[in-house]
Amino acid sequence: MKASLKDIFFRRRLAEKDTGMDSAGKKRDFSRQVAFFNRYSLLFHALLSCLYVLIIESFSRRSLLDALAFAGGHTFAFLFNALIIFATLSVVYLFRRRALMRIIISSVWLLLGIINGCVLSQRVTPFGFTDFKCISDLMTMTDTQYFSKFQAIGVIILLSMLAVSLVILSIKGPKFQGKAHKLRAALLCAGMCVIMSTATTFAQNSNRMASYFSNIAQGYLDYGFVYGFSSSVMDRGMNKPNDYSRETIRQIASNVAHAKQKKASFHVAESDNVISDSTDTEQPNIICILLESFMDPTQVNFLKMSKDPIPNFRALSDNYTSGYLTVPVVGAGTANSEFEVLTGMNLRYFGTGEYPYKTILKKTNCESIASDLSKVGYGTHVVHNNGGNFYSRANAFSQFGFDTFTSKELMNIQEYTPLGSWPTDDILIRETQKALDSTPGQSDFVYTITVQGHGAYPTEKVLENPDIQVSGAQTEAQNNQWEYYVNQIHEVDKFIGNMVDMLSQRDEKTLLVMFGDHLPTMGLTEEDLQTNDLFQTQYATWNNFGMKQKDADLTAYQLLAYNMQQAGIYEGTIFTYHQTSDYDVNDKAYQNGLENLQYDILYGKRYCYNGLNRYPASDLQMGVDETHIYNYRLNEDGSLSIYGDHFTNWSRIYVNDEKMSTTFVSDRQLMLSAENTAKLEDGDILKVCQVGSSETIFRSTENAMMYHKAD
């Protein structure tokens with residue numbers, strides 16, 4: 001029976017699918033399709049760019065409908081984002097393997113969008129270029145709230161698969177067969193650069209696109225991830241102020257000196273343009289405490305709690321100087337709030353989403369509260385129950401001029417939060433006290449950083465019998481998160497009370513300043529808060545020498561200047577500049593002077609120091625305790641016990657400068673396994689080191705011991 005024409009056509013198409021051949025046995029020819037896409041490649045790129053922006057915004061907003069709303073409601077911004085991607089796709093014309101280059105460029109943009117979506121699921125601040133500099137920090141924190149080992153393995157597998165696919169495509173993928181017009185391609189790329197520069201200038205000058213995001217999260221929402229991320233790549237560091245010059249800086253210094261004469265008893269050293277005062281021999285200790293993710297939960301409109309979670313903080317706020325504090329970040333970015341507090345500098349003048357700890361401070365020293373107070377005889381210390389290398393803090397605190405830094409590697413931490421994610425903060429009381437005791441007869445500045453309130457917060461119920469019951473959120477999972485957070489903040493409040501008790505028992509004048517670095521990552525909106533401001537936290541103080549209560553709402557970069565002024569301490573270029581102003585953040589002249597001083601100190605000629613390096617980096621000492629080895633003993637199981645003092649979970653035994661696997665027994669005993677002990681030879685040198693991430697040795701025992709089998 002003869003087959004119908006339909007059956008013959010179907011079998012022929014099936015054969016072509018299976019063999020890749022046409023009915024005549026010839027290889028199928030896609031030249032027409034390729035020629036079509038080559039001829040209209042610019043149109044193809046334009047459509048592709050719009051599609052990529054839509055996909056990226058869907059990941060960033062975690063909703064296709066919200067991405068479509070962005071395209072409809074912010075059409076200019078949507079098309080501008082597409083123009084940026086279109087400009088990057090023009091690079092493909094420089095290569096013959098155009099398909100490969102399109103996939104590489106497309107993959108980069110899509111991966112960035114996916115990463116941003118993942119980041120926003122854990123914090124409020126979107127992904128920026130500077131976050132790449134924090135990857136080494138995150139890699140030391142597997143199996144925490146940031147990501148698990150399985151997630152890390154999954155990411156590595158996916159990236160490996162992508163890399164393999166690109167390698168295969170680079171070997172076997174198609175090549176452009178037409179005539180390569182390299183000059184034309186180069187001119188196209190150069191032209192796109194000119195177009196992008198011109199378009200950006202026009203868009204920013206016409207206020208269609210913002211040149212600065214006062215709220216980074218909102219900026220990314222309003223102007224798109226592609227534009228926001230690109231801004232973080234291109235806009236780094238500080239731009240030179242238009243009026244920056246030696247004369248400008250001298251005029252600022254002169255104005256400060258004149259204003260200071262009206263505000264306090266002081267003198268200006270002839271060799272410097274900064275304040276040099278505070279001759280009182282009874283200068284107070286100053287304790288500044290960063291309270292991680294700390295806020296007053298009663299200011300969340302929808303929350304209901306069984307009792308006040310922060311009675312100690314509230315009592316201090318009612319009786320001592322306190323107020324709201326405007327910080328530069330929300331949900332994450334502790335180091336940036338910290339930077340503003342310690343330097344008095346405004347992060348607004350840096351690039352989008354920049355972390356100065358990871359950029360300029362990697363290579364440049366910076367005047368800070370530590371270096372200023374060191375000039376008048378203070379000992380300066382940092383205490384923090386997290387890793388010394390996180391946010392590159394060990395380096396930053398050296399650039400700031402601190403004397404010592406006690407990180408978790410130098411602490412015998414035994415207590416952790418219910419999830420086991422973070423150490424509890426009670427250990428910081430003892431460590432702060434040790435820092436104060438390390439300089440007898442000397443006033444001290446101690447900067448203490450807490451961590452217990454850090455997210456993320458579990459959606460499942462973890463606390464069976466919480467001290468404070470919490471309700472009011474929309475879902476049970478959200479109630480569980482808030483209940484966990486509120487109870488951890490309640491524990492931090494107990495820490496505050498105990499810290500005040502410890503300081504009260506010391507016969508020393510003391511000023512205590514505490515502040516929240518940012519709001520927690522809880523998906524809060526401005527409408528959820530009594531303050532209607534996601535960038536407002538609170539600060540509170542305490543003192544034992546009669547400072548009057550003078551409440552004021554401040555920015556993070558004004559906090560220490562204001563409180564030192566109340567204590568009669570006038571020190572430092574930036575801090576004294578604030579003290580001789582009215583703390584009016586909307587005063588253009590005030591902000592212009594601040595911008596010039598910041599630029600001069602970090603990027604300029606340092607006219608304020610007469611061109612000298614007056615505040616060099618310090619030789620930072622890790623910890624205040626000296627560690628020693630006293631003796632060792634061979635155990636019955638063949639292992640070796642080493643005895644000494646001030647050992648921690650981060651102590652490691654080194655044999656001839658080679659790190660060995662070490663078991664922590666107590667703060668006075670470590671053990672070397674029987675397997676490694678059997679390898680020891682007479683004359684081997686034993687010592688103990690405190691080891692941080694990236695194999696950084698923070699401190700070693702003051703002595704070493706020589707091993708003898710006969711012993």
Side-chain angles (χ1 to χ4, degrees), residues 125 128-138 140 232-233 235-240 288 290 327-329 332-375 380-384 386-405 407 445 447 449 517-518 556-557 559-560 572-575 594-606 608-609 612-622 692-694 696 698:
T125 307
F129 179 76
T130 312
D131 283 309
F132 281 118
K133 297 179 180 292
C134 298
I135 290 177
S136 59
D137 295 331
L138 293 178
T140 67
S232 73
V233 174
D235 183 20
R236 286 181 284 162
M238 287 184 63
N239 294 321
K240 182 179 177 180
C288 180
L290 181 151
V327 294
V329 291
T334 296
N336 280 350
S337 294
E338 179 174 287
F339 174 82
E340 287 201 345
V341 168
L342 295 180
T343 65
M345 295 184 181
N346 187 347
L347 206 69
R348 170 180 179 176
Y349 301 116
F350 291 83
T352 302
E354 181 171 354
Y355 289 92
Y357 279 17
K358 291 286 187 178
T359 53
I360 185 63
L361 290 182
K362 281 289 190 179
K363 57 184 179 181
T364 303
N365 54 56
C366 178
E367 183 183 350
S368 74
I369 184 65
S371 53
D372 291 336
L373 292 178
S374 293
K375 287 280 188 180
T380 56
H381 317 274
V382 181
V383 176
H384 182 30
N386 198 12
N389 280 334
F390 196 61
Y391 278 130
S392 298
R393 276 192 169 111
N395 171 75
F397 293 149
S398 172
Q399 301 285 27
F400 285 156
F402 278 97
D403 296 329
T404 72
F405 177 21
S407 62
F445 173 79
Y447 174 53
I449 311 167
D517 62 333
H518 56 69
Y557 55 85
L559 178 65
L560 288 181
T573 310
I574 299 288
F575 291 106
L594 179 58
E595 182 181 10
N596 269 280
L597 286 176
Q598 289 183 200
Y599 182 85
D600 186 53
I601 291 171
L602 288 177
Y603 299 91
K605 301 294 185 179
R606 296 192 166 179
C608 61
Y609 308 145
L612 301 177
N613 185 16
R614 296 194 182 277
Y615 299 94
S618 64
D619 184 12
L620 187 70
Q621 173 185 295
M622 296 301 293
S693 61
S694 303
T696 304
F698 285 135

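What you see below is based on every heavy atom in this structure, not just the backbone, and it leaves out hydrogens, waters and symmetry mates. Quick caveat, the model's predicted, so the values are computed rather than measured.
Within the structure, salt bridge (Lys or Arg N to Asp or Glu O under 4.0 Å) contacts touching residues 339-349 (residues at least two apart or in different chains) do not occur.
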Please test Phe405 against Phe698 for ring pair (Phe, Tyr, Trp, His ring centres under 6.0 Å), starting from the C-alpha separation and ending with a verdict. CA-CA 10 Å; Phe405 177 21; Phe698 285 135; 7.4 Å; no
Go through the steps to decide whether Glu595 and Met238 satisfy the test side chain to side chain contact (heavy atoms under 4.5 Å, CB included), and finish with yes or no. CA-CA 9 Å; Glu595 182 181 10; Met238 287 184 63; 4.1 Å; yes
Would Leu290 and Val341 satisfy side chain to side chain contact (heavy atoms under 4.5 Å, CB included), going step by step from the backbone distance to the final call? CA-CA 9 Å; Leu290 181 151; Val341 168; over 6 Å; no
Does the pair Tyr355 and Tyr391 meet the rule for a ring pair (Phe, Tyr, Trp, His ring centres under 6.0 Å), with working shown? CA-CA 9 Å; Tyr355 289 92; Tyr391 278 130; 5.6 Å; yes
Test side chain to side chain contact (heavy atoms under 4.5 Å, CB included) on Asp372 and Tyr615; report intermediate values, then the result. CA-CA 8 Å; Asp372 291 336; Tyr615 299 94; 3.7 Å; yes
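Across all their heavy atoms, Ser693 and Asn389 have their closest contact at O-ND2, 3.0 Å. The minimum heavy-atom distance linking Ser407 with Asn386 is given by the pair CB-O, 3.6 Å. Taking both residues in full, the closest heavy atoms of Ser374 and Gly401 are given as OG-O, 4.1 Å, listed atom of the first, atom of the second, then distance. Annotation for Ile360 and Leu602: closest pair CD1-O, 3.8 Å, computed over non-hydrogen atoms. Minimum interatomic distance between Ala394 and Leu620 (heavy atoms only, all atoms of both residues): O-CD2, 3.3 Å.
With sequence neighbours excluded, the residues forming a ring-ring contact (aromatic ring centres under 6.0 Å, His included) with Phe400 are Tyr357, listed by chain and number. Phe339 pairs by the ring-ring contact (aromatic ring centres under 6.0 Å, His included) definition with Phe350, not counting sequence neighbours. When the side-chain hydrogen bond (donor to acceptor under 3.5 Å, both in side chains) test is applied to Thr343, no partner is found at least two apart in sequence or on another chain. Residues meeting the side-chain contact (heavy atoms from CB on, under 4.5 Å) test with Asp600, sequence neighbours left out: Tyr244, Ile249, Tyr607, Cys608. With sequence neighbours excluded, the residues satisfying salt bridge (Lys or Arg N to Asp or Glu O under 4.0 Å) with Glu338 are Arg393.
Without hydrogens or angle criteria, Glu367 side chain to Ile574 main chain gives no donor-acceptor distance under 3.5 Å. Here the side chain of Asp403 pairs a donor or acceptor atom with the backbone of Thr380 at under 3.5 angstrom. The backbone N or O of Gly237 lies less than 3.5 Å from a partner atom in the side chain of Glu354, making a donor-acceptor pair. Judged purely by atom type and a 3.5 angstrom limit, Ser694 has no side-chain atom pairing as donor or acceptor with the backbone of Thr696. Looking only at distances, a side-chain donor or acceptor of Ser618 sits under 3.5 Å from a matching main-chain atom of Phe402. A side-chain donor-acceptor contact under 3.5 Å links His384 to the backbone of Ile449. Panel note: side chain Asn336, backbone Pro328; no donor-acceptor pair is recorded below 3.5 Å.
Atom CZ of Phe397 and atom OG of Ser392 lie 11.0 Å apart (nearest 0.5 Å). To the nearest 0.5 angstrom, Gln399 atom CD is 11.5 Å from Lys363 atom NZ. Atom OH in Tyr603 sits 15.0 Å away from atom NZ in Lys240 (nearest 0.5 Å). Distance CD1/Ile369 to SG/Cys288: 8.5 Å, rounded to 0.5 Å. To the nearest 0.5 Å, atoms NE2 (His381) and OH (Tyr447) are separated by 15.5 Å. Remark: Arg606 CZ to Tyr599 OH distance equals 12.5 Å, nearest 0.5 Å.
More than 12 heavy-atom neighbours from other residues, nucleotides or ligands sit within 6.0 angstrom of CG on Asn613.
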